[in-house]
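Below is one structure, written out as structure tokens; comments come after it.
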Amino acid sequence: MAIRNIVIQGDPLLTKRCRPVTEFNARLHQLLDDMRDTLTEAQGAGLAAPQVGVLRRVVVVMDDEDQLLELVNPEIVSQSGEQTGPEGCLSVPGKWGMVTRPCRVKVRAQDRFGAWFEREGEELTARCFCHEIEHLDGHLYVEHIDHFLTEEELEEYFGEEDGK
Ligand code: ZN
């Protein structure tokens, strides 16, 4: 088990465009294993390679069945609907902001051995696909918000969630 340090907002690594993975070797597998451990330790929903300082197009996403998806060279192939909800990021610790994302997102990606596959995600998984893939082009969710949520706003949102 290897936990990597998570890069925090302000570090130029988070603003870089990442390069595609071309070699599906032991080094990639080590990166994916470490990203899984790091995400689990941080109790996050997703993690992109630049967040651990690696400028390659690799993300891991916890789906709605708590299965960890490994996406290498992911791209969004279709999206539909719209959802607005609070979003956070392990690189922007302790903060949240309201972000509008598509409700359903289909991604195409390679697995750790290089095989292409497609995967559809809804709601939180769709949000996570968008959030993590943006990281690979040097973007953070904070670019979509007008302010960080206050304690009161967070309580209001999470308090109302069940009644919706
Ligand atoms: Zn993030």
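Because the structure is predicted, anything quoted here is derived from the model rather than measured. Just follow the structure's listing: the first ligand is 1, and inside any ligand the first atom is 1. Scope of the values below: all heavy atoms of this structure, side chains included, with no hydrogens, waters or symmetry mates.
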### Message
In this structure, would Tyr141 and Phe129 fall into the same cluster of hydrophobic residues linked by side-chain contacts under 4.5 Å?
### Response
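Cluster IDs for Tyr141 and Phe129 differ.
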### Task
Among Glu123, Glu134, Glu82, find the one that has a salt bridge (charged side-chain N to carboxylate O under 4.0 Å, His left out) with Arg101.
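So the option named by the test is Glu134.
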### Task
Would you tell me whether Glu87 and His144 have side-chain atoms, one donor and one acceptor, within less than 3.5 Å of each other?
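Checked: Glu87/His144 side chains show no N/O donor-acceptor pair below 3.5 Å.
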Enumerate donor-acceptor pairs with a distance under 3.5 Å from any side-chain N or O in residues 38-47 to protein atoms, sequence neighbours excluded.
from: Thr38; atom 1: OG1; to: Arg4; atom 2: N; distance (Å): 2.9
from: Thr38; atom 1: OG1; to: Asp34; atom 2: O; distance (Å): 2.6
from: Thr40; atom 1: OG1; to: Arg36; atom 2: O; distance (Å): 2.8

### Task
Indicate yes or no for a side-chain donor-acceptor contact from Glu143 to the backbone of Leu140 under 3.5 Å, with no hydrogens or angles considered.
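Yes; judged by distance alone, with no hydrogens or angles, the pair exists.
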### Task
Determine, for Lys106 against Glu118, whether the closest basic-nitrogen to carboxylate-oxygen distance falls under 4.0 angstrom.
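Salt bridge flag = yes for Glu118 with Lys106.
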### Query
Which protein N, O or S atoms does the Zn ion (ligand 1) have within a distance shorter than 2.8 Å?
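Less than 2.8 Å away from the Zn ion (ligand 1) sit Cys89 SG, His131 NE2, His135 NE2.
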